[in-house]
Amino acid sequence: MTNTQQRSYLHGRTGAQCVVDGLISNGCEVLFGYPGGCVIDIFDCLYSSPIHFVLPRHEQGGIHMADGYARATGKVGCALVTSGPGATNAVTGLATAMMDGVPLVVITGQVGLNLIGTDAFQEADTTGITRSVTKHNILVRSVDELPRAISEAFFIASTGKPGPVLIDIPKNIQQEITMQPDVQDVSIRAYQPFVLPPRQQVERLAHAVNKSHRPVFYVGGGAITSNSCELIKKIAETFDIPVCTTLMGLGAYPETGSHALWMVGMHGSIAANNAIQQADLVISAGARFDDRVTGKVSEFAQGAQIAHIDVDLSAIGKNVRTDIPVCGDLYHTLEALFPLLVKRDRTPWMTLVSKWREAKPAVYFPRKDGKMQPQAVIEAIDRVSKGQATIVTDVGQNQMWAAQFYRHTRPRGFLTSGGLGTMGFGVPGAIGAQFGKPDALIVSVNGDGGVQMNIQELVVAVEHRLPVKVIILNNTYLGMVRQWQELFYGKRYSATILSQNNRPENEHIPSEEPKYLPDFIKVAEAYGLKSARVKTLDEVNKVFEEAFNDNNPWVIECIVAEDEMVLPMVPPGAPLSDMIYATEN
């Protein structure tokens, strides 16, 4: 503690100093944020604090960085933005974290209490705007409330089902003096998250498992959040229960494991979807039965009992019927369940599952035109990194190919916007993850559409000398929407073509040159990153070897076939058993 801080404790502290002290006492090491008039007092206190402050170039990028940091580390991600547009720019990041259960504490500035409601400069009803995209939010009305509000925010964000918590602090509150100390132990009478599951329900679940012939684990992101992955592996392999995962659950069970069925759902594997549809017991562990998993709900796992383990009571039975509800922390539930289970012969089930496993999670076939395929690029990332990369994706085809063609073996090794599907997450999310894991190989997989939504954050990687690798799969389309237009909308490619072909000549681009606009190589160079454009798999392997072993940030643009599809695919509104498969051209 500095002499200035010691004096402030003796004679009281400003609200701004309370914010900085509260962040430090609650374990904040890295803070992402953007300054403004209504948080300038907090930034003044940050100037001499030990917190590692990171300046993004847009508030949305900053929230995604805090999100990526939290996903990569399991810690609470922290961000600070100003009032009005600063807060509204943060909304997409808050919604992204809310949908995926990511713990964030976001502090926003607000105009003075006496100005609220007067349409003052940069005033916005931040708590009203963010109510539906935060786990909890609060407008601080007294400086004496501030120390407790900060500690409660960290407690709420990180317990139960994690989520973002927002604290809106008026400018005058930041400037006023309080004698209140930091709050160490938080107890909130109105907030008591479920931790220990009811013993009776655990016994019901154990009885169902012991009785079942064809059980399957359906594992979501909650398994990673609750650090339950080793327990799931132990139960699955001891009692012959195959494991499928959601997009958010990738890595919860190693996809190279003996009981792996890989990803389930719209772009899931044959093995996972078949197992769900033919199981007699589906054990949901930290998953919420998202529509991209269930397909046609009325035909989802029709012959199975459904057990739903979730720390969030409101999630149980919300989307599908639930026969065995178990509300509690997943780790404690599985820990109580394990000694109640008995081994039984499930050879017929495992034999059938093994037959399904012979079909790979996803396949693609060589093209007659020789164009590079994006699936091969993802396989090259896996191969060159020896499976040790932490993959952070944007959203769209690039996201699904990264899910399908990289073998996910570790929790927190695959970070993506699952629930909200936020384009623009890939670059800042990877930068945040790199701050959380400075020695890890962080690879950001993006499309040429989504990468442009927060491309300004590339400069942050350069400023902080982060060795993040940004891969762009450039197919000159908004690929996933284009895929739907091709399959279901008569190939009417409305507003999805990004290439400059057949468009008026641009005098700055020689007509004989391919028109890759923007020129991502020049953009990367302008921001100060190393870069390369590759068009063949041999070039990909060579550049990846160089880049992955370099401590500098890279942008690698991969020119890939424009019409490749993410397959298999369950059409919208169809059951999981109705899949479109890849075929040879």
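These values consider heavy atoms only, across backbone and side chains, with no hydrogens, waters or symmetry-generated copies. The first residue of the sequence shown is numbered 1, and numbering continues consecutively from there.
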Atom pair [atom1] ([X]) and [atom2] ([Y]), whose distance is rounded to the nearest 0.5 Å:
| X | Y | atom1 | atom2 | result |
| --- | --- | --- | --- | --- |
| K491 | R482 | NZ | CZ | 9.5 Å |
| Q483 | M565 | CD | CE | 5.5 Å |
| I241 | L281 | CD1 | CG | 7.5 Å |
| H213 | D345 | NE2 | CG | 10.5 Å |
| K234 | F239 | NZ | CZ | 8.5 Å |
| I324 | I283 | CD1 | CD1 | 8.5 Å |

Is there a donor-acceptor pair closer than 3.5 Å between any side-chain N or O of [X] and the backbone N or O of [Y]?
| X | Y | result |
| --- | --- | --- |
| W262 | A272 | no |
| Q373 | F365 | yes |
| T322 | G317 | yes |
| D329 | Y331 | yes |
| N446 | I472 | no |
| R407 | D382 | no |
| K469 | F548 | no |
| Y493 | E486 | no |
| H267 | L567 | no |
| E255 | H408 | yes |

According to the interplanar angle, ranging from 0 to 90°, do the rings of W484 and F488 count as parallel (below 30°), tilted (30 to 60°) or perpendicular (above 60°)?
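Aromatic pair W484/F488 classed perpendicular.
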Specify the closest pair of heavy atoms between [X] and [Y], including all atoms of both residues, with the distance to one decimal.
| X | Y | result |
| --- | --- | --- |
| A206 | L340 | CB-CB, 3.6 Å |
| G61 | N454 | N-OD1, 3.9 Å |
| A252 | A223 | CB-CB, 4.3 Å |
| L415 | G68 | CD1-O, 4.0 Å |
| A287 | D310 | O-OD2, 3.6 Å |
| N475 | G479 | ND2-CA, 4.1 Å |

Salt bridge or not between [X] and [Y]? Use side-chain N to carboxylate O under 4.0 Å.
| X | Y | answer |
| --- | --- | --- |
| K296 | D578 | no |
| R199 | E203 | yes |
| E564 | K371 | no |
| R383 | E379 | no |

Looking at the rings of F289 and H308, which for Trp means the six-membered one, are their centres under 6.0 Å apart?
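Centroid distance F289-H308: below 6.0 Å, so yes.
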Taking the ring centre of each residue, are W401 and F405 less than 6.0 Å apart?
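Aromatic pair excluded; centres sit 6.0 Å or further apart.
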Only one of T393, I378, V443, V534 clears side-chain contact (heavy atoms from CB on, under 4.5 Å) with I471; which?
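Single pass found, and it is V443.
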For residues [X] and [Y], determine if any side-chain heavy atom of one lies less than 4.5 Å from a side-chain heavy atom of the other.
| X | Y | result |
| --- | --- | --- |
| T390 | K437 | yes |
| P254 | K233 | yes |
| P553 | L466 | no |
| M569 | M400 | no |
| R367 | D563 | yes |
| V311 | P193 | no |
| F155 | Y191 | yes |
| Q388 | L441 | no |

Between Y364 and Q404: side-chain donor-acceptor atoms closer than 3.5 Å
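The answer is no; no qualifying pair exists.
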All pairs passing salt bridge (Lys or Arg N to Asp or Glu O under 4.0 Å) where residues 384-397 contributes a residue, at least two apart:
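For residues 384-397, and leaving out neighbouring residues, there are no salt bridge (Lys or Arg N to Asp or Glu O under 4.0 Å) pairs at all.
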Answer yes or no: are there more than 12 heavy-atom neighbours, outside Q200 itself, under 6.0 Å from its atom CD?
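No - once you tally the heavy atoms of other residues, nucleotides and ligands closer than 6.0 Å, there are 12 at most.
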Determine whether more than 12 heavy atoms belonging to other residues, nucleotides or ligands lie under 6.0 Å from atom OH of Y489.
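Counting neighbours around OH of Y489, 12 or fewer heavy atoms of other residues, nucleotides or ligands fall under 6.0 Å, so no.
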Set of salt bridge (Lys or Arg N to Asp or Glu O under 4.0 Å) partners for D290, sequence neighbours left out
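R288.
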In a table with atom names and distances, give each donor-acceptor pair under 3.5 Å that connects a side chain of residues 423-433 to protein atoms at least two apart or in another chain.
none

Run through K343, H259, R346 and flag the one making a side-chain hydrogen bond (donor to acceptor under 3.5 Å, both in side chains) with D240.
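Exactly one pass, corresponding to H259.
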Evaluate salt bridge (charged side-chain N to carboxylate O under 4.0 Å, His left out) for D538 paired with K542, printing each intermediate quantity in order.
CA-CA 6 Å; D538 286 342; K542 181 179 178 181; over 6 Å; no
